[in-house]
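Keep in mind the model is a prediction, meaning the values are calculated, not measured.
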Amino acid sequence: MAEKGSSTAPLLFRRRSSSEMKNKSASVSSSLLPAFGTVVDDGDLHLKRNVIAPYDRRYRWWQTFLVGLVIYSAWASILELTFDKAANGVLLFIDLVVDFFFAIDIILTFFVAYFDTSNFILVDDHLKIAFRYVTRFWLFMDVASTIPFPLINKILIGEWHTGQVFGLLNLLRLWRLHRVGELFKRLEKDIRFSYFWTRLLKLICVTLFAVHSAGCFYYWLAARHKPSEHTWIGRLIGDFKQKGVWHGYTCSIYWSIVTLTSVGYGEFYSMNEGEKIFNSIYMLFNMGLIAYIIGNITNLVVQSVVKTFAMRDSINEVMRYASKNQLPEGMREQMLAHMQLKFNTAELQQEKVLKDLPKAIRSSIAQHLFWKTVEKTYLFQGVSDDFLSQLVSEMKAEYFPPRFEIILQNEIPTDFYILVSGAVDMVTYKNGTEQFLSNLESADMAGEIGVIFNIPQPFAVRTKRLSQVIRISHHQFKQMVQSESGDGKIIIANFMEYLKGLEKDMLQELPFLTELLADQNVQPTAQNEEKQNRETMDSTYGNPTGTSNTSDPSLSAGTIRVIIYGYHPSKKTMSGDRFGKLIYLPNSIADLFNLAEKKLGKRGSTILMADGSEVEDLSSLRENDHLFIV
């Protein structure tokens with residue numbers, strides 16, 4: 001057991017910095033999962049020598065750098081096919097540098113481990129990696145899109161050629177665009193980046209590439225058509241081939257954007273059959289592209305406001321219900337405040353946020369959030385860390401709006417609460433009037449008297465402002481106390497000390513406490529001290545509703561506690577004796593009648609159980625049985 005003053009809750013996992021946790025979370029998007037039965041240590045996987053892990057940070061940065069080069073290749077290859085002047089300029093030498101980097105990547109691919117989807121294992125064998133890369137279509141396309149055909153022509157013939165053949169071969173570089181798709185797929189799963197902006201950036205890139213490609217191909221059709229005056233651009237600009245690359249590219253992009261947006265100002269239109277066919281295909285493509293863009297934008301917008309719509313619909317349903325049933329205005333305000341608070345704190349509710357996490361993680365989070373608060377609570381001062389850890393792990397967090405009754409007076413005791421933040425009032429109602437009893441603040445408890453004595457809640461608990469509480473159920477608490485007898489004694493001792501310090505107004509609401517506290521003042525002998533403490537802990541869970549609980553049948557009559565009542569079990573009474581009297585069971589029925597006369601003020605002649613059956617032998621009674629002396 002940890003000593004007092006040592007560290008608080010025992011953490012179930014090693015604490016990490018926020019940046020480290022984000023990097024660990026981001027690696028999940030790599031989809032590299034170990035096979036069942038495969039032992040994976042806490043550090044990096046041990047791969048063979050000269051093998052690169054596909055999720056290695058340096059390799060990821062290399063891939064990201066190549067994506068930038070892919071974007072340039074996709075733009076330049078189509079531009080060079082369309083404009084001969086662009087193919088003969090500085091872009092030619094930039095293409096050679098880009099091809100050099102992709103050639104390096106081809107070599108690196110022979111040393112990159114791959115993820116075998118058939119058995120979920122990371123393969124780092126050099127022969128398997130090379131065989132997989134060579135026998136697939138990837139190597140052929142990577143090599144074909146990287147070969148510098150103009151440079152080879154220069155070496156073989158001695159001059160640069162950038163004609164249409166080389167322009168069409170350069171279109172093989174568009175194969176590299178699959179890297180961009182893989183990058184966006186990984187970014188959409190990476191929690192470090194906003195899904196909304198990542199998706200929006202992807203839509204913008206697709207649109208810009210479509211506009212660029214269509215404009216360049218449309219200009220390419222006009223440049224290859226004779227006579228040039230019978231083209232969409234030659235009709236207005238007769239010597240358009242003599243103009244600069246920028247002038248022709250601007251006209252092409254302008255036409256592409258106007259057509260994509262279905263504006264169609266009329267400056268440029270098709271003049272020959274080839275252009276008409278291309279225009280028709282492009283407009284059909286635009287229909288699908290616009291539908292794709294609108295659908296994605298709509299999905300992103302709806303996802304951002306779906307919670308707002310749900311909140312408004314729920315509030316409208318609540319208000320319609322209140323109007324239909326003519327509920328009072330104060331009750332309507334409470335219902336409305338509760339619904340608004342429910343949606344405002346939805347992301348803070350443990351049940352919804354943590355329900356899919358393993359129990360160990362949920363327990364660690366609960367300990368991190370609520371350990372200090374529970375440790376300060378009077379009822380659990382001095383208990384072991386193990387018991388406190390179990391208790392905190394089973395607690396549930398809730399928020400309540402101002403002037404909301406957390407506990408109703410005389411309701412069935414199902415849970416007790418610990419206040420984490422905010423403030424609540426403890427009140428009671430007498431003859432329709434409200435009487436203030438006490439004020440509770442952080443680390444104070446509410447409802448524990450009803451839970452421990454298993455009686456209707458004697459007080460109402462109402463919030464003064466927005467309050468956060470944690471609660472635990474009656475049954476879970478009882479099971480934990482019964483399994484930890486040492487901690488149970490400490491809890492009962494703390495509880496009895498608390499009862500002794502109750503104010504007079506609160507004691508008046510609990511008349512049976514006066515006699516119970518008087519009994520506790522009688523010091524037990526050293527021989528029976530341990531047994532007396534155990535019986536006191538068990539007897540506090542008596543049930544005045546009439547049910548019978550069983551305990552150890554080996555207990556003798558002198559060590560069994562029962563609750564006696566001075567009325568027939570079928571009779572309902574509102575007097576102070578409705579809680580009964582807690583006594584030790586005598587050894588004979590005559591002694592029981594004498595003790596009942598002393599406790600209840602009247603002598604009986606018959607002993608009945610809660611179901612009306614008559615008791616003839618005391619040995620058949622069990623701990624916490626309820627006896628009615630009539």
Side-chain angles (χ1 to χ4, degrees), residues 62-109 133 136-153 161-187 201-224 245 248-249 252-253 255-257 259-260 274 277-278 281-282 284-286 288-289 292-293:
W62 168 255
Q63 292 295 319
T64 305
F65 169 70
L66 291 182
V67 169
L69 299 183
V70 169
I71 296 175
Y72 163 78
S73 299
W75 174 79
S77 59
I78 299 177
L79 187 70
E80 292 172 359
L81 173 66
T82 305
F83 301 97
D84 294 336
K85 294 181 180 179
N88 294 326
V90 67
L91 294 182
L92 178 61
F93 298 98
I94 297 178
D95 291 342
L96 295 177
V97 176
V98 171
D99 291 338
F100 172 75
F101 282 111
F102 280 101
I104 295 177
D105 183 69
I106 293 176
I107 299 175
L108 286 178
T109 306
Y133 188 41
R136 295 201 172 189
F137 190 61
W138 296 343
L139 177 62
F140 172 77
M141 291 302 301
D142 287 345
V143 172
S145 61
T146 306
I147 295 176
F149 293 103
L151 179 61
I152 295 177
N153 187 78
H161 280 283
T162 56
Q164 290 300 299
V165 175
F166 292 100
L168 293 174
L169 290 175
N170 284 339
L171 293 181
L172 293 173
R173 299 172 184 169
L174 297 179
W175 158 257
R176 303 168 181 171
L177 284 174
H178 73 87
R179 297 174 181 266
V180 180
E182 293 175 356
L183 174 66
F184 277 110
K185 185 184 298 184
R186 191 170 77 245
L187 292 180
L201 179 61
K202 180 180 180 180
L203 295 177
I204 293 174
C205 292
V206 171
T207 304
L208 292 179
F209 180 72
V211 169
H212 169 73
S213 301
C216 289
F217 278 119
Y218 203 46
Y219 185 91
W220 181 81
L221 289 176
R224 268 66 190 171
V245 174
Y249 185 69
S252 302
I253 296 300
W255 167 87
S256 182
I257 293 177
T259 306
L260 176 65
I277 294 174
F278 180 80
I281 297 174
Y282 184 49
L284 291 175
F285 169 79
N286 289 342
L289 179 61
Y292 172 76
I293 295 175

Colleague: Return the set of residues passing ring pair (Phe, Tyr, Trp, His ring centres under 6.0 Å) with F102 (not counting sequence neighbours), or none when no residue passes.
Modeller: none

Colleague: Could you tell me which residues satisfy side-chain contact (heavy atoms from CB on, under 4.5 Å) with A103, sequence neighbours excluded, listed by chain and number?
Modeller: T146

Colleague: Using side-chain contact (heavy atoms from CB on, under 4.5 Å) as the criterion, list what pairs up with L81, not counting sequence neighbours.
Modeller: Q164, L168, L171, F217, W220

Colleague: Once you round to the nearest 0.5 Å, how far does CZ of R136 lie from CG of D142?
Modeller: 13.0 Å

Colleague: To the nearest 0.5 Å, what is the distance between OG1 (T207) and OH (Y292)?
Modeller: 9.0 Å

Colleague: Have Y249 and T82 got a donor and an acceptor in their side chains that come within less than 3.5 Å?
Modeller: no

Colleague: Return the set of residues passing side chain to side chain donor-acceptor pair (under 3.5 Å) with S77 (not counting sequence neighbours), or none when no residue passes.
Modeller: none

Colleague: Considering non-hydrogen atoms only, spot the tightest contact between H178 and W175 and give its length.
Modeller: CD2-O, 2.8 Å

Colleague: So among V211, I293, L289, which one has a side chain to side chain contact (heavy atoms under 4.5 Å, CB included) with V206?
Modeller: L289

Colleague: Please round to the nearest 0.5 Å and tell me the distance separating atom SG of C216 and atom CD1 of I253.
Modeller: 5.5 Å

Colleague: Which atoms form the tightest heavy-atom contact between Y282 and S256, and what is the distance?
Modeller: OH-OG, 2.8 Å

Colleague: Got a sec, which residues hit ring pair (Phe, Tyr, Trp, His ring centres under 6.0 Å) with F285, two or more places apart in sequence or on another chain?
Modeller: none

Colleague: Heavy atoms only: give me the nearest A74-L174 pair and the separation to one decimal.
Modeller: CA-CD2, 3.8 Å

Colleague: Considering all heavy atoms of both residues, which atom of F83 and which atom of G248 are nearest to each other, and what is their separation?
Modeller: CZ-C, 3.8 Å

Colleague: Quick check: do L91 and L79 have side-chain heavy atoms less than 4.5 Å from each other?
Modeller: yes

Colleague: Do V97 and F93 have side chains that approach each other closer than 4.5 Å (heavy atoms only, starting at C-beta)?
Modeller: no

Colleague: Check whether any side-chain heavy atom of R186 sits under 4.5 Å from a side-chain heavy atom of T64, and report yes or no.
Modeller: yes

Colleague: Which pairs with one or both residues in residues 213-224 pass salt bridge (Lys or Arg N to Asp or Glu O under 4.0 Å), sequence neighbours excluded?
Modeller: D84-R224

Colleague: Please list, chain by chain and in numerical order, all residues satisfying salt bridge (Lys or Arg N to Asp or Glu O under 4.0 Å) with R176, sequence neighbours excluded.
Modeller: D99

Colleague: Going by side chain to side chain donor-acceptor pair (under 3.5 Å), name the residues that satisfy it together with T259, two or more places apart in sequence or in a different chain.
Modeller: W255

Colleague: If you compare all heavy atoms of G215 against all heavy atoms of S252, which two are closest, and at what distance to 0.1 Å?
Modeller: O-CB, 3.2 Å

Colleague: So R173 and V98, do their side chains get closer than 4.5 Å, heavy atoms only?
Modeller: no

Colleague: Just wondering, more than 12 heavy atoms not from F140 lying within 6.0 Å of its CZ?
Modeller: no

Colleague: Considering non-hydrogen atoms only, spot the tightest contact between H212 and W75 and give its length.
Modeller: NE2-O, 3.1 Å

Colleague: Please tell me if the side chains of K202 and L187 come closer than 4.5 Å, counting only heavy atoms from C-beta onward.
Modeller: no

Colleague: Taking side-chain contact (heavy atoms from CB on, under 4.5 Å) as the test, write out the residues that go with L221, two or more places apart.
Modeller: Y218, F278

Colleague: Looking at L69, is its backbone amide N or carbonyl O close enough to the side chain of S73 to form a donor-acceptor pair, meaning the two atoms are under 3.5 Å apart?
Modeller: yes

Colleague: According to side-chain contact (heavy atoms from CB on, under 4.5 Å), who are the partners of T109, at least two apart in sequence or on a separate chain?
Modeller: D105, Y133

Colleague: Between I104 and W62, is a side-chain contact (heavy atoms from CB on, under 4.5 Å) present by the stated rule, with each step listed?
Modeller: CA-CA 11 Å; I104 295 177; W62 168 255; 4.2 Å; yes

Colleague: Applying ring pair (Phe, Tyr, Trp, His ring centres under 6.0 Å), can you list everything that pairs with Y72, at least two apart in sequence or on another chain?
Modeller: none

